[in-house]
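In what follows, chains carry the letters A, B, and so on, assigned in the order in which the sequence lines appear, proteins first and then strands, with residues in each chain numbered from 1.
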2 protein chains.
Amino acid sequence: MNNKEKLRKAGLRPTKQRMIIADILLDGINRHFTAENLQNEINSSGNSMSIATIYNCLKKFRNCGLIKQVESSKDTAIFDTNINQHHHFLDEETGELIDIENQEVNLHKLPKIPQGYRNNGVEVLIKIKKQI
Amino acid sequence: MNNKEKLRKAGLRPTKQRMIIADILLDGINRHFTAENLQNEINSSGNSMSIATIYNCLKKFRNCGLIKQVESSKDTAIFDTNINQHHHFLDEETGELIDIENQEVNLHKLPKIPQGYRNNGVEVLIKIKKQI
DNA sequence: AAGTAGTTTAGAACGATTTTAAAGTAAAAA
DNA sequence: TTTTTACTTTAAAATCGTTCTAAACTACTT
Ligand SMILES: [Mn+2]
Ligand SMILES: [Mn+2]
Ligand SMILES: [Zn+2]
Ligand SMILES: [Zn+2]
C-alpha cells in the first residue's frame with residue numbers, strides 16, 4: 001500500500017503536506033523524533049512547511065494510529081514511527097530511546113486491572129546509564 | 001528522621017520554604033502531583049510561595065531523590081512522592097495514575113542491556129481505558 | 001463548474017517552566 | 001558574636017513548545 005492509500009485508509013485527505021510527511025515517516029524505518037526534528041527533515045528534503053501544519057499533521061497521524069507519541073518527561077513531545085506494541089531503553093542523560101521488541105520482554109505476572117477498566121497496552125521502560 | 005534531617009542528609013539547606021514543602025510531601029503518603037497542585041496545597045496550609053521557588057524546590061528534591069518525576073506525555077510535569085521502584089496504571093483519557101507496587105509485576109524475561117550501559121531502573125506502564 | 005468542508009499558514013496567543021537580578025537567609029569563617 | 005560567603009527566594013520578564021485565529025487555499029462532492 002502506498003502512502004496516498006495509507007492516508008485515505010486512515011480517513012485523512014492526502015494533501016501535499018501530509019504526503020511530504022508520510023514520505024518521511026512511513027518508510028518502514030522506526031524512529032523517535034520531535035516536531036522540530038521533522039521540520040529539519042522536511043527542509044533537508046527540499047520542502048518547507050509551517051510549524052503549525054507539522055503539529056496539525058502529527059496530531060492527526062497520531063490520532064489515526066499512523067504514529068505513536070512516547071511517554072516522556074522531557075518538555076518536547078517525542079513521536080515514534082514504530083506503532084507495534086513495544087518497549088524502550090531510555091538513557092536519561094541524553095534522552096536517547098532505543099526500541100525493544102515486544103517478544104524481548106516477558107511479563108510473567110501482571111496486577112489485576114482496576115474495576116471498570118480494561119487493559120489498553122503495556123509499556124516497559126528500562127532506564128539505562130552509561131557505565132563509568 | 002524528621003524533615004529537617006532529611007533535607008540536611010540530602011545536602012539541602014532546610015529553608016523555611018523547603019520545610020513547608022517537605023511537610024506536605026514527605027508525610028509518607030504516596031501521591032502524584034503537579035507544581036500547581038503543590039502550590040494549591042501550600043496555599044491551603046496557610047502559606048504562600050513563589051511559583052519559581054516551587055519549581056526550584058521540586059527540581060532540587062527530584063535531583064536529591066526525595067521525589068521522582070513521572071514519565072508523561074502531558075505538557076505539565078507530574079511528580080511522585082513514591083520513590084521506591086514501582087509501576088503505574090494510566091488512564092490516558094483523564095491522566096489519572098495509580099501506583100502498582102513492584103512485587104505486583106514479575107518481569108520474566110528482559111532484554112540484554114546495551115553494551116557500555118547498566119540497568120538503572122525498570123518501569124512498567126499499563127494503560128487502561130474505562131469500559132463502555 | 002460550483003459548492004462545501006477540510007487544510008494550510010503566518011502570526012498572535014497561551015501555558016508551563018526558566019531566567020534575571022536584587023533582596024534575603026543559612027552556614028562558615030574569623 | 002560578628003563578618004563573610006555562598007546559597008536561596010522572589011516578582012517580573014523571558015523563553016519555549018504548542019495551540020489558536022482567521023484568511024487564503026485545496027480536495028472532494030454534487
Ligand atoms: Mn512531558
Ligand atoms: Mn510546553
Ligand atoms: Zn519506539
Ligand atoms: Zn507512582
For the pair made of [atom1] in [X] and [atom2] in [N], what is the distance, rounded to whole Å?
X: B:Ile78; N: C:dG15; atom1: CD1; atom2: P; result: 18 Å
X: B:Phe61; N: D:dT8; atom1: CZ; atom2: C1'; result: 13 Å
X: B:Tyr55; N: C:dA16; atom1: OH; atom2: P; result: 7 Å
X: B:Ile54; N: C:dT17; atom1: CD1; atom2: C1'; result: 12 Å
X: B:Asn37; N: C:dA16; atom1: CG; atom2: P; result: 11 Å
X: B:Arg62; N: C:dT18; atom1: CZ; atom2: C1'; result: 13 Å
X: B:Met49; N: D:dA11; atom1: CE; atom2: P; result: 11 Å
X: B:Leu12; N: C:dT25; atom1: CG; atom2: P; result: 19 Å

So, [X] and [Y], do they make that salt bridge, N to O below 4.0 Å?
X: B:Arg31; Y: B:Glu41; result: yes
X: A:Glu104; Y: B:Lys109; result: no
X: B:Glu93; Y: B:Lys130; result: no

query = Does a donor on one side chain sit under 3.5 Å from an acceptor on the other, for A:Asn37 and A:Thr34?
reply = yes
Can you figure out which of [options] approaches the side chain of [X] most closely?
X: B:Arg13; options: D:dC28, D:dA6, C:dA10; result: D:dA6
X: B:Asn56; options: C:dT17, D:dT9, D:dT18; result: D:dT9
X: B:Ala52; options: D:dA11, C:dT17, D:dC28; result: D:dA11
X: B:Pro14; options: C:dA27, C:dA10, D:dC28; result: C:dA27
X: A:Cys57; options: D:dT18, C:dT8, D:dT10; result: C:dT8
X: B:Lys59; options: C:dT17, C:dT9, C:dT18; result: C:dT18

Are [X] and [N] close enough that a side-chain N or O sits under 4.0 Å from OP1 or OP2?
X: A:Arg18; N: C:dT7; value: yes
X: B:Lys16; N: D:dT8; value: no
X: B:Thr53; N: D:dT10; value: yes
X: B:Thr15; N: D:dT9; value: yes
X: A:Lys60; N: C:dT7; value: yes
X: B:Arg8; N: C:dA27; value: yes
X: B:Gln17; N: D:dT10; value: yes

key: side chain to side chain contact (heavy atoms under 4.5 Å, CB included) partner of A:Phe33, chosen from A:Val70, A:Ile24, A:Leu58   = A:Leu58
query = Should the ring pair A:His32 and A:His88 be called parallel, tilted or perpendicular, given that the plane angle runs from 0 to 90° and is split at 30 and 60?
reply = perpendicular
